[in-house]
Amino acid sequence: MSIRVNPRFINDLVLFGAEDVQLCYHCGDCSTVCPHADEVYKFPRKSMRQLQMGLERKIETTLEPWLCYYCGQCSEQCPREAAPGETMMSLRRWLISRYDFTGIAKQFFKSGMTEIITIIGFALLTAVFLFYYGYSMGNIHIYDGKGAFLSSPFIHKFDLTLGSLLLIFLAINAFRMWYFTMIKGTKVPVPWWLYVKELYLLPWHFFTQKRYSECESKRNPKIFMPWIIHLGLMLGYVIMLILVMVFIERLQSGPAIQWQVHIFGYLATIGLVTGTIYIIRNRLNKTYEQYKKSHSTDWVFIVLLFFIVLTGIAQHIFHRTGLYELANITYIVHLMCVVPWLLRMPFSKWAHLVYRPLAMYFAAIRRDAITRREISLKSNSVSIK
Amino acid sequence: MRTGVFFCQVENGKNLNIDAIAKYTANLPGVEFVQILGTAPRIEVNVLTDLIKMKSLERVVIAGDMPGYFKPVFTKAMALAGGNTDEIQLASFKERGASGEYAQDRAKAVIACASMAVPFSLVAVPAGNPVNHSTLIIGAGIAGIQAALEIANAGKQVYLVEQTGTIGGHMAMFDKTFPTLDCAACILTPKMVSVGQHEMIHLLTNSNVTEVTGKPGSYRAKIHQRARRIDVKSCVSCALCVDVCPVKVESEFDAKISLRKAVYIPFPQAVPNAFLVDEKNCTYVLSGGKKCGVCVNKCPKECINLDETDKIIDIEVGNIVLATGYELLDVGKIEQYGYGVYPDVLTSLEFERLTNASGFTGGKIVTKTKRFNKRTQQEEWFFSPDGVPPRNVAIIHCVGSRNKKYNAYCSRVCCMYSLKFAHLIKEKIPNVNCYEFYIDMRAFGKGYEEFAERIKQGGTFVIRGHSAFVTMNNGQMVVRGEDIINDKMVEFKVDMVILAVGLIPASGNEELSRMLGITRDSDGWFSELDYNGSPTDTEKGCIYVAGMCQGPKDIPDTVAQAAAVAAGVLRTITSGKGVGHLSSVTLNEIEARAKNIHTISGGHYVNQS
Ligand SMILES: Cc1cc2nc3c(=O)[nH]c(=O)nc-3n(C[C@H](O)[C@H](O)[C@H](O)COP(=O)(O)OP(=O)(O)OC[C@H]3O[C@@H](n4cnc5c(N)ncnc54)[C@H](O)[C@@H]3O)c2cc1C
Ligand code: HEM
Ligand code: HEM
Ligand code: SF4
Ligand code: SF4
Ligand code: SF4
Ligand code: SF4
């Protein structure tokens, strides 16, 4: 079987953050220390090798980058300082752009400027649209109920539209991921029932991110910080999204605090605030390997999220203290952050919320398929004897 | 001739002011064009060809630390432009010693010579000084010994200064040498004995050089000889003093895996073959003469004088040879291999002593045994001749070498001695499993590749892949690694791990380099004058480097270099002219001389004046 080689692949990947791949001399230390590498999925050294060889079409079909949870132990140990951890991160960025059929992700990863300008553009569009809508349909002095500047039924339609748009993009990209990894990349036959057998892995990995915790359990002393923090952030996020998408009418009514929904809102806020601040601080101080190098998209991602949370809180406070005008304006600012954030989702790092659980699911299926194949080969060879 | 000068891979600052050098270059006769190509130049052949054509360049000088690297591109461009490819000249700063205080002028001189196509070494010749016929050699490993014998056999006086109590250096610690598996002692001991007996060699053990003054050809050195407290001439090595000495310390010669007394001889064949008192540990010395002293009366020859004092010896010499060898990197700081935590993780030198037939286990390879130390009330691990041989041994290459966190360079001998270890283990322990984890197999010498192949065929598991760590699982050591060729993750249970630890320059080198005014490279090894052309000379005239102190090398290379050094020393002595310090020749002088020399087409150099 022949495979096409792209000798410039390694240079292309620099824009995605992998600068030191050439330094690797294949000692295998990284694969040895990696808590997630095993007999079937050996990385990151093999990925380094594939990169050095320019095996673009091969890497496209690998799941390994998603199996890495960036604990950074490989980079810490690498004798050549070839940054294997960051290479896996860069490959994830590249894969995201590869799965994306529109080519937008690629532009964003290649140029931070393009991304920022697009975000600002969409933020301004949102502002113009919402101010126009608000002034023509409501009153800036009213936040909620009759004559509200941004009435909740309208917002509900608005966010559901956004949500569906996003789902369509994501679904297409996820399908491409499946096609690359399971059709092109899995060389052994995969019976359909394996897809059913391993299905539980999807919600399991989505809600627990268990492997993230395994990253750290091998460390001495054990620190579960990044995992716990991420879990809080992620749960907070999911809760907020449910509140907004399903309970927006309750969330927005006031000025009395609606405890049935806001209790969840507060819990989510705790997770989101600690998470974003923790990540921003670590990235600024370059603490762990994972935070030492920040691609422009890393910053956009976390800072935008931080703004959303900040404006959400401000809006909540203004509303509950009767400053309706301010609350309305903050609402628009909140949505100026939210709209580009959501629209960007299928094209950004954040798409990992879909790709990671999917990758774990596919990886398990592929592993099962390979073991099945090995067993059948063994029994065959016995019969030949 | 219309000349173009290109600076490749150069950086302003630290060492050189490239802008100033470029300005100087532009004013040189014939130089039409100067370009600085920065730190990581990407040179396109066609652009270069056009440039050569446009400026009608007839000669091109590539300047920088590694100009040869860019030569192919320039040659191609020159050929495409229709020029003479013989007119590509290299101006190599690093090779010509453009570092340290003379860097700037040296770089200019190198370029000046290259632009006139005059070999630098032809004109940069310092004036000679009258030479004293004695030679000082610092360090008495195989390098120092070989140089001393060569010079002394030619009838010239040698002062051989060694800091420990015996000569021999590291080679004396080995059992067998690769790749011939000759017995190291059989080669070394006769040489050591003749050093001890040679009338032209003045041996100064337990000594250090503390001061050097003077100029090439006539140096004065002060040597501090620490009191041995035992008379070398009358000691008969009966070892009666040892029996009574109450102090036990780790033996340096045994790489600290055995104990010796405070009065000791490093090893039975030591030269000088006499005992000495370890002043850092002897109770008598430490208590200022108040306690102990029992060994004195025990000595039948009455040769112990515990009150002997240190001596300062002044000598005058013409040439100085540096042969200070190497040390092992401190492995304790590379934590993942568990050295110092798991008892049976050994350094390479520790293993050499363990496997040595004249060592304290009689050459039996054993794992450590546990015992209870009554004094410290703690359990401790030690090597006992009755210990159990390991059944599985892992040898890990490149520990602290080729690693940006420790030594970026390759230590050069460890691949080979690791293979030697595998052989010794296989030979001595039946049915043993031996695993070698390597990154790249550097079997670089004559017969070495064949040796490596033989070991592989001998049943040692030679694994392409470095092991990243050693762990302990319920009292069983486990080594993990990636077997890259077989595409497998491997995990072996082992009883002993041997680390091929990286080599570093001897700790005294820094002081010596300051004292003698010679440079060391960024890794701490002494810098030679010219890596290719004069690998044994240094920047400073009449000072030479031999053996490992100039950079990692094996015994054959060390011996060859030491002999070459002897030739250099004898050359200066017989010619009566010691080469001066290169810095004594000024830039103007070099320029003037170069101008005097003119290249004619046949490549012969003639002096016009
Ligand atoms: C474990 C191991 C196994 C090896 N096996 C082999 C082998 O099988 N075959 C082979 O070819 N090579 C082998 N080598 C390499 C070999 O050891 C060296 O090539 C050789 O010993 C170099 O000799 P040297 O004289 O330059 O240095 P050394 O042997 O280190 O001698 C230097 C001497 O200088 C003295 N000294 C240092 N500083 C000062 C100072 N400031 N003042 C006075 N004296 C000083 C030291 O005490 C020492 O006696 C091995 C190396 C190691 C580490
Ligand atoms: C709503 C869902 C999620 C949100 C909001 C979220 C948020 C984040 C954020 C902000 C980071 C970046 C940290 C940084 O910049 O350093 C991150 C990284 C990470 N996330 Fe998530 N995440 C979500 C879902 C998931 C899921 C489902 C998984 C795994 C199954 C996961 C695994 C990881 C891992 C391993 C990292 C660290 C490595 C990397 O940056 O790629 N996340 N996540
Ligand atoms: C279309 C999407 C969204 C809409 C319409 C929306 C709307 C709102 C509204 C109405 C509030 C309540 C203010 C009040 O108390 O009156 C709020 C608060 C908040 N929002 Fe959003 N929001 C959206 C998306 C998000 C996202 C994606 C996040 C971040 C993950 C977020 C984080 C917050 C936070 C932290 C609060 C404050 C907590 C609270 O009030 O319970 N919002 N948002
Ligand atoms: S540890 Fe570094 S040098 Fe070794 S294989 Fe991994 S990336 Fe390459
Ligand atoms: S960062 Fe951690 S999980 Fe990722 S490859 Fe390196 S060691 Fe493995
Ligand atoms: S005087 Fe020193 S060397 Fe002699 S027996 Fe006492 S401790 Fe040992
Ligand atoms: S000689 Fe071999 S073991 Fe030693 S540093 Fe070089 S490659 Fe590594």
Side chain [X], main chain [Y], donor-acceptor under 3.5 Å:
X: A/Lys42; Y: B/Asp487; answer: yes
X: B/Lys405; Y: A/Glu76; answer: yes
X: B/Lys404; Y: A/Ala82; answer: no
X: A/Tyr25; Y: B/Arg402; answer: yes
X: A/Glu39; Y: B/Met489; answer: yes

Problem set entry | Heavy-atom contact with chain B under 4.5 Å, split by part of A/Cys30 | neither

Problem set entry | Contact origin within B/Glu491 toward chain A - heavy atom pairs under 4.5 Å | neither

For this session: Calculate, to the nearest 0.5 Å, the distance between atoms CG and OG belonging to B/Asp483 and A/Ser31 respectively.
Result: 12.0 Å

Please check if atom [atom1] in [X] has more than 12 non-hydrogen atoms from other residues, nucleotides or ligands closer than 6.0 Å.
X: B/Tyr69; atom1: OH; answer: no
X: B/Lys493; atom1: NZ; answer: no
X: B/Tyr531; atom1: OH; answer: no
X: B/Lys426; atom1: NZ; answer: yes
X: B/Glu335; atom1: CD; answer: no
X: A/Lys58; atom1: NZ; answer: no
X: A/Trp299; atom1: CH2; answer: yes

Exercise. Distance only, no hydrogens: is a donor on one side chain within 3.5 Å (strictly under) of an acceptor on the other, for A/Thr32 and B/Glu482?
Worked result: no

For this session: Over all heavy atoms of both residues, which pair between A/Cys27 and B/Ile439 is shortest? Give the atoms and the distance, please.
Result: CB-CD1, 3.6 Å

Problem set entry | Nearest atoms (heavy-atom pairs only) where B/Ala468 meets A/Val33 | CB-CG1, 3.8 Å

For this session: Identify which of A/Arg45, A/Arg49, A/His26 forms the greatest number of heavy-atom pairs closer than 4.5 Å to chain B.
Result: A/Arg45

Exercise. What option among B/His466, B/His397, B/Arg464, B/Arg480 has the most heavy-atom pairs under 4.5 Å with chain A?
Worked result: B/His466

